[in-house]
Structure formats: C-alpha cells, structure tokens
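Each remark here refers to the structure printed beneath this line.
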Number of protein chains: 2
Amino acid sequence: MGVTTKDLARICGVSLGTIDRAFRNRPGIKTETRDRILAAAREYGYKPNLLARNLKFQRTGDIGLVVHDLENEFFAQLVNAIQEIAWKRDCFLQIAISRRDHQRERAALEHMAGRNVDGILLFPAGKGEDFDAFLTGLDRPIVTIANKVSPLWPFVGLSDRPVMRRLTEAVIAKGYRRLVFVGPLEARSEGINLYEIEERYAGFVEAVDAAPGVERHLAAGGDYLEQVCALGLKEARTAVLCCSDIFALELLNDFRGRGLSVPGDVGLAGFDSIDALRFISPRITTVEYPIQKMGELAFELLAAGQVGAELPQIELEPKILWGESI
Amino acid sequence: MGVTTKDLARICGVSLGTIDRAFRNRPGIKTETRDRILAAAREYGYKPNLLARNLKFQRTGDIGLVVHDLENEFFAQLVNAIQEIAWKRDCFLQIAISRRDHQRERAALEHMAGRNVDGILLFPAGKGEDFDAFLTGLDRPIVTIANKVSPLWPFVGLSDRPVMRRLTEAVIAKGYRRLVFVGPLEARSEGINLYEIEERYAGFVEAVDAAPGVERHLAAGGDYLEQVCALGLKEARTAVLCCSDIFALELLNDFRGRGLSVPGDVGLAGFDSIDALRFISPRITTVEYPIQKMGELAFELLAAGQVGAELPQIELEPKILWGESI
DNA sequence: CTGAAAGCGCTAACAA
DNA sequence: TTGTTAGCGCTTTCAG
C-alpha cells in the first residue's frame with residue numbers, strides 16, 4: 001500500500017483537514033505548513049487514491065467508450081479521434097471492446113456504470129426494448145454512435161441510406177445491370193444491432209428497384225465469397241457493393257485468385273474509406289466516413305449533457321470517393 | 001443517483017449486514033429474506049457502486065493496458081489478444097493510448113494507478129532512470145511489452161536482433177549488394193524508447209558488416225521516402241528492410257508511383273506481419289510477430305505477480321515469412 | 001490558522 | 001438468523 005493522507009498527517013504532525021487544505025489549495029493554511037506538507041508528500045511518494053476521491057465526489061471525470069472491435073481499422077480511427085478530444089478536455093477515456101457480443105457489451109457497460117463514469121459513448125451491438133431498459137437502468141448519460149438503438153438515445157451517425165442510394169444510382173448509370181450487396185445481414189434474427197448495414201441495404205434496394213431491368217442480389221452470409229462468385233460474374237455486367245471496405249478487400253483478393261479483373265470483369269465498391277485502401281490497387285471506390293467529426297460531435301453531445309431532453313439525432317452526410325474499381 | 005445498499009435496507013426493513021449477506025451469498029440468512037432482498041434490488045434497479053467496493057477491498061480486478069496507438073494494426077491486434085484473455089479471466093481491461101508521448105503515457109499510468117488497477121501492461125514510450133523511478137513510484141505490478149525499459153521490469157518481447165540478423169543475412173545471400181534500413185531512429189535523442197527499432201537496426205548492422213563488399217544505409221527521418229530514393233535504386237542491387245510493415249507499404253506505394261518494380265528493381269521487406277498484407281501484391285516478405293503469445297505471456301506474468309522477484313525477461317523467437325518482394 | 005468528526009457506499013467482524 | 005459498528009481514503013463542515 002502507498003502513503004495515505006492519514007499517514008501524511010501523522011508524519012507532518014497535523015490533522016487531515018490541513019493535509020487537504022494543502023493539496024486542494026484551499027485557503028486557511030500557512031504557506032509554510034503547505035510547503036512542508038507538499039515536500040513530505042513528494043518525499044514519501046504520496047499518490048492520491050482516486051477511488052476514494054471519486055467515491056466522495058460521485059463523479060470521476062472518466063467517460064466510457066464501447067466499440068465492437070479494434071482490428072477493423074475503422075474503429076481504431078474512431079477511438080483515436082475520440083481519445084484526442086478527451087485528452088484535450090482533460091478527461092480520461094475508458095475503452096472497452098464488445099466484439100459485437102451482447103454479453104460482453106452489457107458486462108462492459110455495467111462495469112463502467114459501476115465505476116461511475118460520467119458518461120458513455122456507445123457503438124452499440126444490442127437493440128430492442130430489453131436493451132433500452134438495460135441502458136436506462138445504467139442511469140448515465142449515453143450517446144449512441146453509428147448504430148441507432150432507439151430515439152430514446154442521443155445519436156450521431158451517417159445518412160447511410162441516402163448515400164447508398166446515390167452510390168447505387170451512380171453505379172447503375174455507369175451501365176451495370178446486375179448489382180450485388182454484400183453485408184452480414186444474416187445475423188438479423190439474433191437481435192444484433194445491424195442498423196447501419198440495414199440502412200445501407202435499404203438504400204441499395206430503393207435505387208435498384210427504381211431502375212427497370214436491373215437485377216438485385218444479396219450476399220449476406222459468412223460464405224459471401226462463394227455466393228458472389230456463384231452468380232457467374234462474367235455473364236452479366238455485375239457490380240458488387242459492400243457494406244464495408246474490409247469485405248471489398250476480401251473480394252478483391254478472391255477475384256484475383258480466380259483471374260477476374262476489377263473493374264474489367266466486375267465492378268467493386270466498399271464503404272468506410274479505411275486507410276489501408278491507400279495501398280491497394282486498383283483504387284477502390286468507397287464512401288468517406290467522417291470519423292473525426294462523428295467522434296467530436298458525439299463527445300460534445302455527451303459533454304453538453306443533452307439539456308432539455310432534446311435527444312438530438314444527428315446524421316452526417318458522407319462523400320462518395322470514386323476510385324477505379326467500378 | 002441510484003439506489004444504494006442503505007436504501008435497500010430501508011426498503012426491505014432490514015439492516016445493512018443482511019443486505020450484504022444477500023448479495024455476497026454469505027451464510028446466516030434465511031433464503032426467504034435473501035429472495036426478498038434480491039427481488040427488491042431488481043425492482044429498484046440496484047447497481048453496486050464499484051468504487052465503494054474497491055475502496056474497501058483495495059483491489060479492483062482491473063488491469064491497465066497502455067499502448068502507443070491503435071491505428072497501427074499491430075497494436076490493435078495486441079489489444080484484442082489481451083482483451084480476449086482478460087475476458088476469460090473475468091478481469092476488466094482499462095485501455096489507454098499514449099501516442100508515444102511521455103506526458104500522456106505518464107498521465108495514463110498515474111491515472112490507472114490512482115484507480116487502483118491491480119497491474120499494468122505497458123508498451124512503453126519512455127525509458128531512462130527518471131522513467132524507472134516514475135514506474136517504481138506507481139507501486140504496482142508492471143509488465144513491459146516489446147520495448148524494454150530496464151531489467152527492473154518483467155519483460156516480454158521478441159528476439160529482435162537475432163531475427164533481423166538472420167533476415168539480413170538471407171537477403172545478402174540472395175545477392176543484394178546494397179542494403180537500406182528504414183526506421184524512425186531520428187527520435188533517439190529525445191529519450192523516447194526505441195528499443196525494438198534499435199535492436200533490429202543492430203542486427204541489421206551486424207549482418208551487413210560481416211559481409212564483405214555490401215553497402216549499408218540508414219533512412220531514419222520522416223523523409224525516409226526521399227532518402228531511400230535518393231540512393232538511385234537502379235544503380236545497384238538494392239534491398240530495403242523496414243522496421244515495420246507500414247513503412248514497407250508506404251515505400252511500395254511510392255515505388256509504384258515512380259515506376260519501380262518490386263522485387264524487379266528493388267527488394268523490400270517489412271516486419272510485424274500485419275493482417276493488411278494479405279491484400280497487397282506482391283506479397284511482402286516480413287517477420288511474423290507472435291502477438292497472441294506475447295499478449296498471453298505478458299498477462300500470465302502479471303497475474304503470477306512475479307513471485308520471488310525473478311523479473312523474467314522473455315524473448316520470443318519470431319518466424320521469417322518469405323513473400324515475393326525480395 | 002488548525003483540528004475533530006461525519007460521511008460517500010460497501011464490507012465484515014462482532015454482538016445479540 | 002439478524003443488527004450494529006467500524007473502517008477503506010478522501011473531503012468538508014463546523015468548532016476551536
């Protein structure tokens with residue numbers, strides 16, 4: 001155990017009150033006494049016990065951040081962006097990973113709430129009434145990011161559906177007659193929050209269904225590579241639109257293995273604009289995710305403490321970044 | 001504020017002791033009373049205040065993890081690996097990012113120590129006597145990862161120097177006569193911990209200097225791209241060995257832009273074996289970093305609490321993964 | 001200017 | 001089987 005205020009009081013021959021006055025720069029203490037105490041503190045390596053302090057204050061200055069994963073560069077960038085703001089605001093970030101797993105997400109959230117974080121930024125894996133109730137029970141300010149849970153919670157995300165519609169329309173305009181959407185929607189039944197993917201798919205569907213004579217396909221399972229290739233890609237002018245860049249990269253690799261050229265034999269687009277795309281050729285068409293801005297907004301919303309119970313639902317407008325892949 | 005044990009006691013008309021017996025499954029309580037309390041707890045949404053509990057126990061079950069960055073996929077993989085073990089051990093991970101910045105690193109460490117984490121896993125940015133003293137002052141078990149700080153601290157890393165020597169020797173054996181090492185060693189003076197890069201460079205130097213008639217170069221600055229290209233890559237059989245894959249990827253991009261082919265015009269190798277390499281062609285020669293194992297070992301060391309003050313210094317042996325780039 | 005004492009919420013030893 | 005009480009370390013009010 002380290003040195004406590006009590007120890008210091010004994011060492012310096014003063015009372016606890018005086019120790020506190022010294023550390024917290026409160027008036028009513030001789031400068032000399034203060035100096036003596038601070039010197040002793042340094043000498044004995046006093047470190048305040050934040051648990052005790054926070055228990056007293058009922059606030060910690062920490063905020064919790066829960067994300068799905070870190071290996072997807074997208075999340076890494078998001079965490080970094082938020083971390084940066086938190087640092088500027090002199091606020092400590094507690095980061096936890098849910099792995100898109102309900103149990104873990106809840107465990108992490110519960111843990112953070114128990115630790116009295118002042119607020120939580122959540123990239124949700126869960127949804128539904130149960131989840132709403134659970135979040136309410138945490139009794140903390142929460143801001144949801146990217147995946148909407150319900151209008152009960154302040155939200156910062158993307159206008160996923162319109163942008164995907166625009167992208168799809170543009171692809172159709174380029175002459176593609178068969179469009180495939182790739183996204184892990186097969187997990188839908190399990191109560192997993194797939195808001196973004198569903199929205200993107202919806203935008204895709206809207207665009208294709210408005211275009212006469214264009215085929216629409218969905219590759220939703222873990223075997224999406226096989227599903228896509230089973231279509232016989234060379235038979236029609238086919239474009240594959242992925243709900244995220246990592247799927248596009250996997251497909252590109254697979255196409256290469258099969259001797260299919262992009263965009264010669266098949267068109268390909270991703271979503272998120274992860275940094276790794278810089279190294280890939282052909283340059284993949286994707287959608288720029290305003291991660292920085294999203295992180296900042298989410299943080300602001302949390303810090304502002306949604307006064308007046310407004311529960312803002314913000315949708316940022318992303319840009320389409322045209323590459324050479326479609 | 002939420003419901004507390006005291007509230008529950010009042011609500012149920014029992015004493016605090018009984019409440020505690022109910023929650024902590026201690027003997028000496030009627031099952032009926034217990035059930036009544038647990039029911040009330042659920043009904044009123046009781047959430048234990050972990051700050052208070054931990055203050056009592058003087059331990060938290062949390063461990064801290066400090067890494068440089070998350071955007072480098074390498075760290076993301078490391079964090080994920082450790083997170084996985086922590087989850088299995090029912091232990092909460094507090095993740096913080098230092099950005100290789102002394103101030104931030106210290107702030108994060110101090111914060112974690114103040115929060116009474118039970119131990120700290122540190123991928124260090126600092127080094128030197130000051131830093132040793134600082135770490136000692138934290139008065140917590142610490143395990144250092146990858147970058148050695150000093151023999152004072154348990155350490156899990158790589159046999160960076162031997163593996164880099166082996167790689168370099170093999171490259172020379174392939175007929176390359178001019179070897180360039182790329183790594184940000186220019187920061188050396190600022191007291192930043194560059195242990196791994198320095199070790200790798202040392203291995204590189206050893207190998208080249210043992211080979212008569214082979215030129216040795218170092219591109220250490222932020223302008224390494226220019227430095228490398230200024231050598232006139234086509235003039236001699238040149239190989240560029242990078243201290244990490246991300247540099248290799250940048251170089252590959254740059255070479256492409258200049259119409260240089262890899263490995264036709266210049267050989268290229270990385271280090272770390274990040275996942276993104278899967279998507280790159282030509283397949284880049286790299287060194288497999290046993291991240292999983294490293295994370296597990298570090299965690300074990302921390303959990304074991306280095307009894308007997310042994311201060312193990314473990315060096316894992318990585319494999320060279322030959323690709324097509326050299 | 002300084003000390004004594006109570007309390008944050010939870011726990012556990014000791015009484016009853 | 002249950003209640004009382006002291007205490008984790010820090011903060012603050014109220015006396016002195």
Side-chain angles (χ1 to χ4, degrees), chain A residues 1-38 40-41 44-62 110-118 138-140, chain B residues 1-38 40-41 44-62 110-111 113-118 139-140:
Chain A
M1 280 305 316
V3 189
T4 70
T5 44
K6 215 203 285 187
D7 297 332
L8 280 180
R10 205 170 19 72
I11 291 167
C12 297
V14 299
S15 76
L16 284 170
T18 305
I19 296 290
D20 191 53
R21 278 183 272 265
F23 283 126
R24 302 187 60 76
N25 273 324
R26 286 198 290 143
I29 180 174
K30 248 191 301 190
T31 358
E32 183 208 304
T33 319
R34 184 202 312 283
D35 293 347
R36 193 155 51 87
I37 291 173
L38 295 182
Y44 288 88
Y46 169 74
K47 293 269 190 321
N49 182 327
L50 299 183
L51 291 182
R53 173 178 295 174
N54 295 332
L55 176 59
K56 182 72 190 170
F57 286 151
Q58 298 293 21
R59 59 180 304 287
T60 55
D62 289 5
E110 213 142 34
H111 196 93
M112 287 174 166
R115 282 274 186 295
N116 283 21
V117 293
D118 295 343
L138 294 178
D139 196 27
R140 284 307 105 174
Chain B
M1 279 311 317
V3 189
T4 69
T5 44
K6 216 203 284 187
D7 297 331
L8 279 182
R10 202 170 21 72
I11 290 165
C12 298
V14 297
S15 74
L16 284 169
T18 304
I19 296 290
D20 191 50
R21 277 182 275 263
F23 284 125
R24 304 191 57 76
N25 272 323
R26 287 198 289 142
I29 180 174
K30 247 192 301 189
T31 358
E32 182 208 302
T33 318
R34 185 201 313 283
D35 293 346
R36 192 156 52 88
I37 293 174
L38 295 182
Y44 288 88
Y46 168 75
K47 293 269 191 322
N49 182 326
L50 299 184
L51 291 181
R53 173 179 294 175
N54 294 332
L55 176 59
K56 182 71 189 175
F57 285 152
Q58 299 292 19
R59 59 182 303 289
T60 54
D62 289 5
E110 214 142 34
H111 194 92
R115 281 275 184 297
N116 284 22
V117 293
D118 294 345
D139 195 27
R140 289 298 113 169

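Just so you know, these numbers come straight off a predicted model, no measurement behind them. Here is the naming used below: chain letters follow the sequence lines, and residue numbers restart at 1 for every chain.
Sorted by first then second residue, the salt bridge (Lys or Arg N to Asp or Glu O under 4.0 Å) pairs that include residues 11-27 of chain B, not counting sequence neighbours, are B/Asp20-B/Arg26. Applying the salt bridge (Lys or Arg N to Asp or Glu O under 4.0 Å) test to pairs two or more places apart or on separate chains, none has a residue in residues 47-58 of chain A.
Residues satisfying the side-chain contact (heavy atoms from CB on, under 4.5 Å) criterion with B/Ile19, sequence neighbours excluded, are B/Thr5, B/Leu8, B/Ala9, B/Val14, B/Phe23, B/Ile37. A search for side-chain contact (heavy atoms from CB on, under 4.5 Å) contacts involving B/Arg10 returns B/Asp7, not counting sequence neighbours. Residues satisfying the side chain to side chain donor-acceptor pair (under 3.5 Å) test with B/Arg115, not counting sequence neighbours, are A/Asp62, B/His111.
Contact check for A/Gln58 versus B/Leu51: no side-chain heavy atoms found under the 4.5 Å cut-off.
Atom CZ in A/Arg53 sits roughly 18 Å away from atom P in D/dC8 (whole-Å rounding). Atom-to-atom, CG of B/Asn49 to C1' of D/dC10 comes out at 14 Å; the value is rounded to the nearest Å. Atom NZ of B/Lys6 and atom P of C/dT11 are 15 Å apart (whole Å). For the pair A/Arg10 CZ and D/dG9 C1', the computed distance is 14 Å after rounding to whole Å. Atom CD of B/Glu32 is separated from atom C1' of D/dT2 by 13 Å (rounded to the nearest Å). Regarding A/Asp7, its CG atom lies at a distance of 13 Å from the C1' atom of D/dC10, rounded to whole Å. Atom CZ of B/Arg115 is separated from atom C1' of D/dC10 by 14 Å (rounded to the nearest Å). Computed from coordinates, the B/Leu55 CG to D/dC10 P distance equals 9 Å when rounded to whole Å.
Listed here is the closest heavy atom pair of B/Thr60 and B/Asn116: OG1-O, 2.8 Å. Heavy-atom minimum distance, A/Asp139 versus B/Gly2: OD2-N, 3.9 Å. Annotation for A/Tyr46 and A/Val3: closest pair CD1-O, 3.2 Å, computed over non-hydrogen atoms.
Residue B/Gln58 places at least one side-chain N or O closer than 4.0 Å to OP1 or OP2 of D/dG9.
One axis for each end of the helix from C/dC1-D/dG16 to C/dA16-D/dT1, each built from five base pairs, and the angle between them comes to 50° at 10° resolution.
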Using the 3.5 Å cut-off, write out each protein N or O paired with an N or O of nucleotides 2-4 of chain C and the distance between them.
unit_1 : atom_1 : unit_2  : atom_2 : d
C/dT2  : OP1    : A/Thr33 : OG1    : 3.1
C/dT2  : OP2    : A/Lys30 : N      : 3.0
C/dT2  : OP2    : A/Thr33 : OG1    : 3.3
C/dG3  : OP2    : A/Ser15 : N      : 2.9
C/dG3  : OP2    : A/Ser15 : OG     : 3.3
C/dG3  : OP2    : A/Thr18 : OG1    : 2.8
C/dG3  : N7     : A/Arg21 : NH2    : 2.8
C/dG3  : O6     : A/Arg21 : NH1    : 3.3
C/dG3  : O6     : A/Arg21 : NH2    : 3.3

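You won't find any donor-acceptor pair under 3.5 Å spanning the side chain of A/Lys56 and the base of D/dG9, going by distance alone. One N or O donor and one acceptor, one from the side chain of B/Arg26 and one from the base of C/dA12, sit under 3.5 Å apart.
When heavy atoms are screened at a 4.0 angstrom cut-off, B/Phe57 is found touching the sugar-phosphate backbone but no base atom.
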